[in-house]
Amino acid sequence: MLNCDLHCHSTCSDGLLSAADVARRAAANGVDMLALTDHDDLDGLPSARRAADELGMAFVNGVEISIEWEALQIHIVGLAFNSSDPVLNSGLAGVRSGRIERAQRMSIELAKVGIAGAFEGAMRYAANPNLISRAHFARYLVESGVCKDMRSVFESYLVPGRPGYVDHRWASLADSLAWIIGAGGVATVAHPGRYKLSRGDMRRFLGDFRDLGGQAIEVMSGSHTPEHVDLYGRLAREYGFLASRGSDFHGPGESYVDLGKLAPLPEGLKPVWLLF
């Protein structure tokens with residue numbers, strides 16, 4: 001089976017490496033096919049593709065879109081789309097708008113619990129200020145000694161019910177799938193094991209996703225446990241979804257798993273990359 005990594009990030013969103021360096025690291029790790037999936041932004045695709053082409057590694061366009069479903073933030077990965085599609089680009093621009101204002105509100109909330117200067121600190125980590133995210137705040141909280149590592153930041157801050165979290169208006173599920181499919185791409189549910197959904201709510205979400213044209217689900221993800229892999233492998237079969245595989249790599253020493261180092265997909269699943 002091909003070593004495909006179809007979920008990773010560069011400095012164009014909240015990763016630590018440039019898009020070209022992500023592609024180079026993937027190739028060095030034995031990846032056969034890579035998709036760069038920065039949050040709500042396509043700027044890294046050209047340089048990642050050039051680096052992949054130079055190294056003889058297959059490359060497909062990717063993006064991770066932040067959406068809202070029943071007041072819950074969920075991520076949808078788009079793969080193998082036309083990156084010049086005007087409707088997709090307009091939709092992503094709309095999702096990006098307001099991130100700085102949200103970041104300022106996050107900083108205010110953190111200041112209320114004694115953490116000062118979080119906006120300025122997070123902005124130092126944001127190579128693309130328009131894509132400032134919770135990960136940039138998390139890096140600042142680790143740097144300033146508030147938390148020991150990124151994982152503990154998200155356990156104590158920046159998630160619903162914790163200091164520093166603020167709501168933001170994201171795309172709808174219907175809009176995100178319309179943008180991806182309209183651009184000729186394949187829509188995939190990113191790391192489903194990370195969402196706080198009951199089994200019944202997950203089934204409802206997957207039904208909505210399928211009915212709107214979604215085709216795939218990440219079975220192998222850097223954050224998935226063996227139990228997640230078993231569950232989402234079974235749900236992929238049940239719903240007729242293709243199976244995807246992605247590390248969700250953000251940078252050395254900061255990710256669940258390195259590029260290309262996930263276990264293979266379980267037997268009996270149809271890989272999404274057969275469509276590319």
Side-chain angles (χ1 to χ4, degrees), residues 7-17 22 36-41 43-44 63-69 71-77 92 94-171 176 189-197 218 221-224 246-257:
H7 188 160
C8 61
H9 301 275
S10 77
T11 50
C12 290
S13 62
D14 58 350
L16 295 175
L17 303 179
V22 169
L36 179 69
T37 57
D38 277 315
H39 292 283
D40 309 314
D41 194 276
D43 284 354
V63 68
E64 186 173 11
I65 303 178
S66 308
I67 71 127
E68 188 175 296
W69 181 82
L72 180 72
Q73 187 183 351
I74 291 175
H75 291 168
I76 301 296
V77 166
L92 294 177
V95 176
R96 290 194 299 272
S97 68
R99 275 187 178 262
I100 291 179
E101 186 268 338
R102 180 186 72 144
Q104 290 169 335
R105 289 189 289 133
M106 290 169 64
S107 185
I108 291 169
E109 293 302 310
L110 288 168
K112 291 177 181 178
V113 295
I115 302 171
F119 177 76
E120 294 78 10
M123 286 293 280
R124 292 203 305 270
Y125 287 97
N128 181 352
N130 290 325
L131 265 294
I132 187 169
S133 72
R134 290 181 300 166
H136 299 121
F137 277 85
R139 289 172 190 142
Y140 170 71
L141 294 184
V142 173
E143 171 204 300
S144 58
V146 174
C147 294
K148 64 178 182 179
D149 55 32
M150 295 282 285
R151 192 167 303 181
S152 60
V153 172
F154 283 96
E155 290 172 353
S156 303
Y157 302 91
L158 310 183
V159 294
R162 300 291 188 177
Y165 179 82
V166 298
D167 289 326
H168 182 69
R169 184 66 180 174
W170 303 108
S176 66
V189 179
H191 41 59
R194 286 175 53 182
Y195 308 124
K196 304 298 183 182
L197 287 171
E218 280 184 0
S221 169
S223 57
H224 277 183
S247 61
D248 197 10
F249 177 81
H250 283 74
E254 192 178 287
S255 300
Y256 294 98
V257 67

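Keep in mind the model is a prediction, meaning the values are calculated, not measured. Note that these values count all heavy atoms, side chains included, but never hydrogens, waters or copies made by symmetry.
Partner of His75 under the ring pair (Phe, Tyr, Trp, His ring centres under 6.0 Å) criterion, out of His39, His7, His9: His39 alone.
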Worksheet item: Could you go step by step and tell me if Trp69 and Leu197 meet the side chain to side chain contact (heavy atoms under 4.5 Å, CB included) rule?
Response: CA-CA 11 Å; Trp69 181 82; Leu197 287 171; 3.8 Å; yes
Practice prompt. Run the numbers on Val63 and Asp40 for side chain to side chain contact (heavy atoms under 4.5 Å, CB included), then give the verdict.
Written response: CA-CA 6 Å; Val63 68; Asp40 309 314; 5.5 Å; no
Discussion item. Between Val159 and Arg134, is the side chain to side chain contact (heavy atoms under 4.5 Å, CB included) condition met? List the steps.
Written reply: CA-CA 9 Å; Val159 294; Arg134 290 181 300 166; 3.9 Å; yes
Practice prompt. Please assess Trp170 against Val95 for the test side chain to side chain contact (heavy atoms under 4.5 Å, CB included), listing each intermediate value before the final yes or no.
Written response: CA-CA 6 Å; Trp170 303 108; Val95 176; 3.8 Å; yes
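Put simply, the side chain of Met106 reaches to within 4.5 Å of the side chain of Arg102, judged on heavy atoms. At least one side-chain heavy atom of Leu36 sits under 4.5 Å from a side-chain heavy atom of Cys8. Side-chain contact between Phe119 and Ile108 is absent, with no heavy atoms from C-beta onward closer than 4.5 Å. Between Phe137 and Ile132 there is a side-chain heavy-atom pair separated by less than 4.5 Å.
Of all the heavy atoms in Cys147 and Val153, the pair that sits closest is CB-CG2, 3.5 Å. Contact detail for Val257 and Gly222: the closest heavy-atom pair is CG1-CA, 3.7 Å. Residue Ala118 comes nearest to Ser107 through the heavy atom pair N-OG, 3.7 Å, listed as atom of the first residue, atom of the second, then distance. In plain terms, the two heavy atoms of Ile100 and Pro129 that are nearest each other are CG1-O, 3.7 Å. When all heavy atoms of Phe154 and Ala138 are compared, the closest pair comes out as CE1-CB, 3.7 Å. Listed here is the closest heavy atom pair of Asp14 and Ser133: CB-OG, 3.4 Å.
If you take CE on Met123 and NE2 on His136, they are separated by 9.5 Å, rounding to the nearest 0.5 Å. Once rounded to the nearest 0.5 Å, the distance linking CD1 of Ile65 with CD1 of Ile76 reads 8.0 Å. We find the OH-CZ distance between Tyr256 and Arg194 to be 5.0 Å, quoted to the nearest 0.5 Å. Distance CG/Asp43 to CG/Leu131: 8.0 Å, rounded to 0.5 Å. Ile115 CD1 to Ser144 OG: the interatomic distance, rounded to the nearest 0.5 Å, is 7.0 Å. Rounding to the nearest 0.5 angstrom, the gap separating the CG atom in Asn128 from the CG atom in Asp38 is 9.0 Å.
With salt bridges taken as basic N to acidic carboxylate O contacts below 4.0 Å, one links Glu101 and Arg105. Ion pairing of Arg99 with Asp41 is absent here, as no side-chain N (NZ or NE/NH1/NH2) approaches a carboxylate O to less than 4.0 Å.
Remark: side-chain polar atoms of Thr11 are not paired, donor with acceptor, to backbone N or O of Leu16 under 3.5 angstrom. Judged by distance alone, the side chain of Ser255 and the main-chain N or O of His250 form a donor-acceptor pair under 3.5 Å. Judged by distance alone, with hydrogens and angles left aside, the side-chain atoms of Arg162 form a donor-acceptor pair with the main-chain N or O of Glu155 at under 3.5 Å.
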